[in-house]
Student: 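Please read through the structure below; I'll follow up with questions.
Naming: A, B, ... by sequence-line order, numbering from 1 per chain. The basis for the numbers below is simple: all heavy atoms, side chains too, and nothing from hydrogens, waters or symmetry mates.
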Number of protein chains: 2
Amino acid sequence: MSVTIKDIAKLAGVSHTTVSRALNDSPLISMETKLRIRAIAQELNYTPNFSAKSLVLDRSYNLGLFFTTLSEGTSAGFFYEAIRGVNTVIRDRYHLIVKGIDDYRSFQAITRKSFDGIVVVSQSRDDQPFIDHAVAAQIPVAVLNREVEDKGILNIMSDEEQGAFQAATYLIDQGHRRIALIEGRKGFKSAQNRKEGFLQAMRQRGITVKNEYLMPGMYDLQSGFISMKQLLELAEPPTAVFCCNDEMALGAIKAITDKGLQVPKDLSVMGFDDTVFSAFVTPALTTVRRPIELIAREGAIRLLTNIEQKEQDHEPVYLKTELIIRDSVRKIN
Amino acid sequence: MSVTIKDIAKLAGVSHTTVSRALNDSPLISMETKLRIRAIAQELNYTPNFSAKSLVLDRSYNLGLFFTTLSEGTSAGFFYEAIRGVNTVIRDRYHLIVKGIDDYRSFQAITRKSFDGIVVVSQSRDDQPFIDHAVAAQIPVAVLNREVEDKGILNIMSDEEQGAFQAATYLIDQGHRRIALIEGRKGFKSAQNRKEGFLQAMRQRGITVKNEYLMPGMYDLQSGFISMKQLLELAEPPTAVFCCNDEMALGAIKAITDKGLQVPKDLSVMGFDDTVFSAFVTPALTTVRRPIELIAREGAIRLLTNIEQKEQDHEPVYLKTELIIRDSVRKIN
DNA sequence: CTGAAAGCGCTAACAG
DNA sequence: CTGTTAGCGCTTTCAG
């Protein structure tokens, strides 16, 4: 089988304890023997058995990255950036385990023994039972992207309400008054926040939003397309539409051009997220950037210090969104 | 601490050995005691300690999913589909560990002890040392997406050459003769295959491709944009462009419209991959679908039977690509 | 059908 | 500074 510390011990003429200590750089061992033992380990191509370490140290070297779901409602870009963000900080220090919360029928297997820490990229308040379970199981948790009531757990997100407020204000500043909203997926907190920011901007500027301008959406292309189509059939269609994410904005643009109209000449469209392709579609999308990768990185960093130093500093962190002005909105008189 | 089989044993008045057997459904135990023990386990909310199991069973319950890189050159959609594909088959039977090969400076830690199996989504022949290492370490491996010489290891991919051939043939059938190519990222086998399929179609139809029609690319939007810009400055620009992936095709379309021209009226564009947004951009992209999710699923299934039943059936599998006709190519006389 | 004992590879008192 | 011993939680002979 593979080589163990006992093999090394035999060759070095010491006890396996000494080998263990030498390899873990214990101050109890003389430099001389340390070097000798390490040389032998190197030679034999020794790799520690992590199962054994885990068993005795009570650490798994696993870091969980959980999404609400891997099946639907999670955009590919979002997913990608989150994984990248976390991965750049853990590199090969931990195993990054990616899962959908809905992969589990029972959370029994989610224990402190199998996860040293968990990052939850939360898109829905349906995730709460999972988060509660993790906390109850004493696993250090960082919740990203969605605000969570429970004070005392790491919580990093972007200020989405402010982002939507920023977007809506921009549309108003461009002279628009008949502004429609295509909402995010029902039950997602982000959908609610964005809608709130939008409405707040309208209220602040004294603009009343007709009920028929408030359209449902699912965060996917399809739903943006369908809702836009309906808006176009209104007796008095809007002059601008704020879509709660970029994918729906693309769907909306498609619906508009299908009808023989042009963006932004006949109708202005805004998105939210600034996904990778948003800059390259035609017209390039005016949108709001949510710093997912940054959020993920920040969350991972804090979680690790938490795990490794047992710290407990837990103020919610809001990272700022940024207005990205491109070509899909035009100024009207 | 958490509950162990010994706790259960005590409560049930049996030895921990019996508990272990009962929980693992050993035929040596009477139905009666099995039921009794399981009830108690349930009651105590027992979860096995996987580190301990791993140590004695010599299995880690980890399945590695390795990409060439998580940093660049991997499109978000590709990534997403691959993870989904694998995840749907493993669910909670294994831990899915997602990593970039370039996260590792040394492959020392990649051992049979820490991975029961590895899926490599390979995009470059630079992955070969990693694959060789895994094979040498006796880890069951499935290589997806790229053909691999080593017979005897699982290998699933799409037939990209055929896909590109299909695409090019389609362009020719639509009457195009001045056809340009924007290539994929250098060093990626897929880039080579797609180019080959393209050239073969040209050869078969007796069309010579000017050197100035062969443009470099990096599989990202930027490079599609730049290369297209250059093509437009040619004395005799092409009437159609085949881009080696959809992202570059979007970049190309952007370059064309920036110049005041229209797709497909003035110039036809084809992509490759059929990423999620391809259907919704304007014009909707004519492209070739590569069944990544299917490939990933198929790879995972075969890998698992391999792990669990020690089978050894290893013919390379090619899954068919599909021509997706939309609106970005027009017929010319 | 059940139990006693050994051991997987490693770390951590405790004793020198 | 080094070694002896025990034990993490589990499975697996081997004996009843």
Student: Can you check the B:L55 CG to D:dG9 P distance for me, whole Å?
Tutor: 12 Å
Student: Return no unless some side-chain N or O of A:S54 is found under 4.0 Å from OP1 or OP2 of D:dC8.
Tutor: no
Student: Any heavy-atom pair between the side chains of B:I90 and A:D103 that's under 4.5 Å?
Tutor: no
Student: Bend angle of the helix from C:dC1-D:dG16 to C:dG16-D:dC1 from five-pair axes at both ends, rounded to 10°?
Tutor: 40°
Student: Mind calculating the distance between CG (A:L23) and P (C:dA12) to the nearest angstrom?
Tutor: 14 Å
Student: Tell me: CZ of B:F50 to C1' of D:dG9, nearest whole Å?
Tutor: 13 Å
Student: Taking the side chain as every heavy atom from C-beta outward, state whether A:F188 and A:R125 have any pair of such atoms under 4.5 Å apart.
Tutor: no
Student: To the nearest Å, give me how far apart CG (B:N49) and C1' (D:dG7) are.
Tutor: 13 Å
Student: Can any side-chain N or O of B:D7 pair as donor or acceptor with the backbone N or O of B:T4 at less than 3.5 Å?
Tutor: yes
Student: Which class fits the ring pair A:F79 and B:Y80: parallel under 30°, tilted 30 to 60°, perpendicular over 60°?
Tutor: perpendicular
Student: Measure from CG on A:D25 to P on C:dT11 and round the result to the nearest Å.
Tutor: 13 Å
Student: OP1, OP2 of C:dT2 versus side-chain N and O of B:T33: anything below 4.0 Å?
Tutor: yes
Student: State, yes or no, whether a side-chain contact exists between B:F115 and A:H95 at a heavy-atom distance under 4.5 Å.
Tutor: yes
Student: Nearest-Å distance, OH (A:Y61) to C1' (C:dC10)?
Tutor: 10 Å
Student: Atom CG of B:D7 to atom P of D:dC8: distance rounded to whole Å?
Tutor: 11 Å
Student: May I ask you to decide if the ring planes of B:F107 and B:F130 are parallel, tilted or perpendicular, using 30° and 60° as cut-offs?
Tutor: perpendicular
Student: To the nearest Å, give me how far apart NZ (A:K6) and C1' (C:dT11) are.
Tutor: 13 Å
Student: Go nucleotide by nucleotide along DNA chain C from the 5' end; which of B:S15 and A:P48 gets its closest nucleotide reached first?
Tutor: B:S15
Student: Does some side-chain heavy atom of A:F50 sit less than 4.5 Å from a side-chain heavy atom of B:K113?
Tutor: no
Student: Do A:V121 and A:I292 come close enough that some side-chain heavy atom pair is under 4.5 Å?
Tutor: no
Student: When you check every protein heavy atom under 4.0 Å of nucleotides 11-16 of chain D, what one-letter string (B, S, -) results, 5' to 3'?
Tutor: BBB---
Student: So, do A:E147 and A:N193 sit near enough that their side-chain heavy atoms are less than 4.5 Å apart?
Tutor: no
